Amino acid sequence: MAENVRGTVLVTLSDRDDAEELAEQLVEQGYEPCLVHRDMLAGEDDAEDADWVIEVHTGPHGGPAVFDEPHLAALAEDYGGFAAAE
């Protein structure tokens with residue numbers, strides 16, 4: 001049933017090290033899981049242009065991460081990225 005729950009937030013950053021650092025911070029804050037992977041934007045030809053995405057499913061409160069989207073967006077901005085609900 002958890003798979004049917006919407007509320008995942010995708011935090012997108014351009015640097016892998018930044019994405020992994022932020023994912024670690026999010027786990028320490030109680031977010032889970034914080035999966036880091038590479039994602040090419042539609043229409044991108046060059047793998048060098050691919051961004052790093054942190055998938056955040058659940059907030060520290062136990063509910064969908066979408067409830068914390070403003071907080072996640074502010075953290076992403078600190079790293080020059082952005083966050084958006086899926």
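Since this is a predicted model, take the numbers as computed values, not measurements. Side chains are part of it too, since the values below use all heavy atoms of this structure and drop only hydrogens, waters and symmetry mates.
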>> A side-chain contact here means heavy atoms from C-beta on lying under 4.5 Å apart; do W52 and D15 qualify?
In response: no

>> Quick one, H61 and F67 - any side-chain contact, counting heavy atoms below 4.5 Å?
In response: yes

>> Using the rule that Ile, Leu, Val, Met, Phe, Trp and Tyr join whenever any side-chain heavy atoms are under 4.5 Å apart, tell me whether V11 and V36 fall into a single cluster.
In response: yes

> Strictly by modelled atom types, are H37 and E55 linked by a side-chain donor-acceptor pair under 3.5 Å?
Replying inline: yes

> Can you check side chain to side chain contact (heavy atoms under 4.5 Å, CB included) on E32 and L26, steps first, answer last?
Replying inline: CA-CA 8 Å; E32 58 182 40; L26 293 173; over 6 Å; no

>> Between E86 and V56, is the side chain to side chain contact (heavy atoms under 4.5 Å, CB included) condition met? List the steps.
In response: CA-CA 10 Å; E86 185 175 59; V56 185; over 6 Å; no

> How long is the span from the CG atom in L22 to the CG atom in D17, to the nearest 0.5 Å?
Replying inline: 12.5 Å

>> To the nearest 0.5 Å, what is the distance between CG on L75 and CD on Q25?
In response: 7.0 Å

>> For a quick test of reading the model, state the closest non-hydrogen atom pair linking A83 to A76 and the distance between them.
In response: N-CB, 4.1 Å

> Atom CD1 of I54 and atom CG of L72: how far apart are they, to the nearest 0.5 Å?
Replying inline: 9.0 Å

> About how many Å separate CG of D39 and CG of L10, when rounded to the nearest 0.5 Å?
Replying inline: 8.0 Å

>> Nearest 0.5 Å, please: how far is CD in E28 from SG in C34?
In response: 10.5 Å

> So, for E69 and A84, which heavy atoms are closest and what is the spacing to 0.1 Å?
Replying inline: OE2-CA, 3.6 Å

> Going only through I, L, V, M, F, W and Y residues with side-chain contacts under 4.5 Å, is there a path from Y79 to V9?
Replying inline: yes

> Which of parallel (below 30°), tilted (30 to 60°) and perpendicular (above 60°) describes H71 and Y31?
Replying inline: parallel

> Which heavy-atom pair separates D68 from P60 by the least distance, and what is that distance?
Replying inline: OD2-CD, 3.4 Å

